[in-house]
Chemist: 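Shown below is the structure under consideration.
Only heavy atoms go into these numbers, but all of them, side chains included; no hydrogens, no water, no symmetry mates. Quantities reported herein were computed from a predicted structural model and do not represent experimental measurements. Protein chains get the first letters and strands the later ones, always in sequence-line order, with residue 1 at the start of each.
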There are 2 protein chains.
Amino acid sequence: MGTKVDLDPIMEALVATSALEDLERVTVQLRDTLGIDHIVYHWVDSAGEQYGAATYSETWIARYAEHNYLRIDPVILGCFQRFHPVDWKRLDWSSKAAKAFLKDALEHGVGNQGFSIPIRGPHGQFALFTANHTCDDAAWAEFTESYGRDLILLAHYFNRKALELEANRQPEMSRALSPREVDAMTLLALGYSRAQVAHSLSISEHTLRVYIESARFKLGALNTTHAIATAMSRGLIVV
Amino acid sequence: MGTKVDLDPIMEALVATSALEDLERVTVQLRDTLGIDHIVYHWVDSAGEQYGAATYSETWIARYAEHNYLRIDPVILGCFQRFHPVDWKRLDWSSKAAKAFLKDALEHGVGNQGFSIPIRGPHGQFALFTANHTCDDAAWAEFTESYGRDLILLAHYFNRKALELEANRQPEMSRALSPREVDAMTLLALGYSRAQVAHSLSISEHTLRVYIESARFKLGALNTTHAIATAMSRGLIVV
DNA sequence: TTTCCACTCCCCCAAAATGGCGAGGTCGCG
DNA sequence: CGCGACCTCGCCATTTTGGGGGAGTGGAAA
């Protein structure tokens, strides 16, 4: 952790990975290169499913999942609301759930110092890239100071790769909406009733219904609200 | 655009800015340092309000707003769906609206080459950081190759600063939803009817209605669909 | 301690949305 | 030329929502 090491080989290895499992190898490589305790890439799916590439012990990972720590982990909770990379010391560890969690984590090999970078993708995807170590505050401040930028870039590359690999697994097919359908959906999302929308678009309310039904069908939605939610999360309409 | 220039002074200037107007000066500084036509930081508020720090001409910016180009700009539309930085050539310019937009843009001083980095913050905030220039494909490929990483970092710093400055202007007006309200909104967004949601949450349909109405009130929404759309665009629920 | 908020439950009724049936027209593409 | 996609319109029955009341719990904050 003394002088700054070159992380370019790691970034290249990261760009070259072609399977989710390989991400774990990159975390190990990165951890060893940086000479710290742990590197964690933790991604939370839009449905709440989580996936991680971490150097943590198997037991800690299992324990984390088993106790549903996702719900109380102050790192997740804190980072979810902000954009900035954050030092763990600046998070809120005051609740008793957080204290218990921290104690448990330290007992399972997690270091006392942490630096996490929240990062977001389309469709509400959220991920966290974390560097973790055991040392005093001064040493950690020095580390985050010198590697902050690299960690941001690495977080970006990790997330890009994860999204890329995930996309291969689920090739989401979505037919585009017609212009009129987009108009209708947009106005509905803005809170107008069908009558108001029909009036706004200068068409009969029945015609409007045809658009809505057509859009619902295309989006595989069960009702109008669902269609709006789907269209929004797919970026088909902007509100 | 030949040899790689040092961008550290710009990053430091960026970190030091303390007003939104100063961001514009940084874009100019950055544009001149890189020797390209334009640098644009374009942020879209959760409510659809936009703010930008760009080196574009006043007339183009006014025209963009006036014609509501936000809705058809292929750069916005394309980047909203992805995480990767993207070269403008790889976007979908096939629609006639896109072609008209492009023609108009080129006539107002926008370069033919572009490289945009989508970036997201909490509460559904979305922003775009763009480098724009007039040159051939080869020269542009060389530029993006050598400055890609720096642009990612700059996008990150721009966004961080914008969020920081914006937070000062609007001190958290939107009240958060209660856990039950989030549950209700989420299930509704997934297409369930009130009866189904009530059953899923093991509460009476009436209780559910109270949550929905409460959420509607908090979000200032006119109906359920509007509430869902608002909650989604504010990042209060994730679907 | 009192006050506020989140959470839970009940009634009734009007308005809105939805589903199913039908009918036409234009436009572009193979 | 036919086919499909888009745009436009009408009626009727059913389901879903929204709006108006009122009432009780428990926990957290002031």
Chemist: How many angstroms lie between atom CE of B/Met185 and atom OG1 of A/Thr225, to the nearest 0.5 angstrom?
Modeler: 9.0 Å
Chemist: If you restrict it to nitrogen or oxygen atoms, what contacts under 3.5 Å exist between nucleotides 19-27 of chain C and the protein, and what is each distance?
Modeler:
| from | atom 1 | to | atom 2 | distance (Å) |
| --- | --- | --- | --- | --- |
| C/dG19 | OP2 | A/Arg216 | NH2 | 2.1 |
| C/dG19 | N7 | A/Arg209 | NH2 | 2.5 |
| C/dG19 | O6 | A/Arg209 | NH1 | 2.8 |
| C/dG19 | O6 | A/Arg209 | NH2 | 2.8 |
| C/dG20 | O6 | A/Arg209 | NH2 | 2.9 |

Chemist: How long is the line joining CZ of A/Phe217 and C1' of D/dG4, in whole Å?
Modeler: 13 Å
Chemist: Where each residue is assigned the nucleotide of DNA chain D containing its nearest heavy atom, which of A/Ser202 and B/Thr225 is assigned the position nearer the 5′ end?
Modeler: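 Per heavy-atom nearest nucleotide, the more 5' residue is A/Ser202.
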Chemist: B/Ser178 side chain N/O closer than 4.0 Å to the phosphate oxygens (OP1, OP2) of C/dC5?
Modeler: no
Chemist: Determine, for A/Asp183 against A/Arg180, whether the closest basic-nitrogen to carboxylate-oxygen distance falls under 4.0 angstrom.
Modeler: yes
Chemist: What's the CG-C1' distance between B/Leu201 and C/dA6, to the nearest Å?
Modeler: 14 Å
Chemist: If the plane angle is over 60° it's perpendicular, under 30° parallel, otherwise tilted; pick one for A/His133 and A/Trp140.
Modeler: parallel
Chemist: Can you name the residues that form a ring pair (Phe, Tyr, Trp, His ring centres under 6.0 Å) with B/His199, not counting sequence neighbours?
Modeler: none
Chemist: Quick one: A/His199 NE2 to C/dA16 P, roughly how many Å, whole number?
Modeler: 15 Å
Chemist: Rounded to the nearest angstrom, tell me the gap between atom CZ in B/Arg194 and atom P in D/dG19.
Modeler: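 So the CZ-P distance, B/Arg194 to D/dG19, works out to 10 Å.
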Chemist: Between A/Thr207 and D/dT8, is there a side-chain N or O to OP1/OP2 distance below 4.0 Å?
Modeler: no
Chemist: Please lay out, stage by stage, how A/Gln113 and A/Thr134 fare under the test side chain to side chain donor-acceptor pair (under 3.5 Å).
Modeler: CA-CA 6 Å; A/Gln113 300 287 354; A/Thr134 306; over 6 Å; no
Chemist: Rounded to the Å, how far apart are A/Gln196 CD and D/dG18 P?
Modeler: 14 Å
Chemist: Using only atom types and a distance under 3.5 Å, with no angle test, would you say the side chain of A/Thr55 pairs donor to acceptor with the backbone of A/Ile39?
Modeler: yes
Chemist: Can you measure B/Met185 atom CE to D/dT17 atom P for me and round it to whole angstrom units?
Modeler: 12 Å
Chemist: Whole angstrom is fine here: how far is it from CG in B/Leu208 over to C1' in D/dT16?
Modeler: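 Going from CG in B/Leu208 over to C1' in D/dT16 covers 12 Å.
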Chemist: Is the shortest side-chain N/O distance from A/Lys218 to OP1 or OP2 of D/dC6 below 4.0 Å?
Modeler: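 Indeed, a polar side-chain atom of A/Lys218 lies that close.
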Chemist: Just how far, in rounded Å, is P of D/dT16 from CD of B/Glu205?
Modeler: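 It is 8 Å, rounded to the nearest whole Å.
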Chemist: If you check the B/Thr224 side chain, which of C/dA17, C/dA6, D/dG18 turns out closest?
Modeler: D/dG18
Chemist: Is the A/Tyr64 ring parallel, tilted or perpendicular to the A/Phe101 ring (thresholds 30°, 60°)?
Modeler: perpendicular
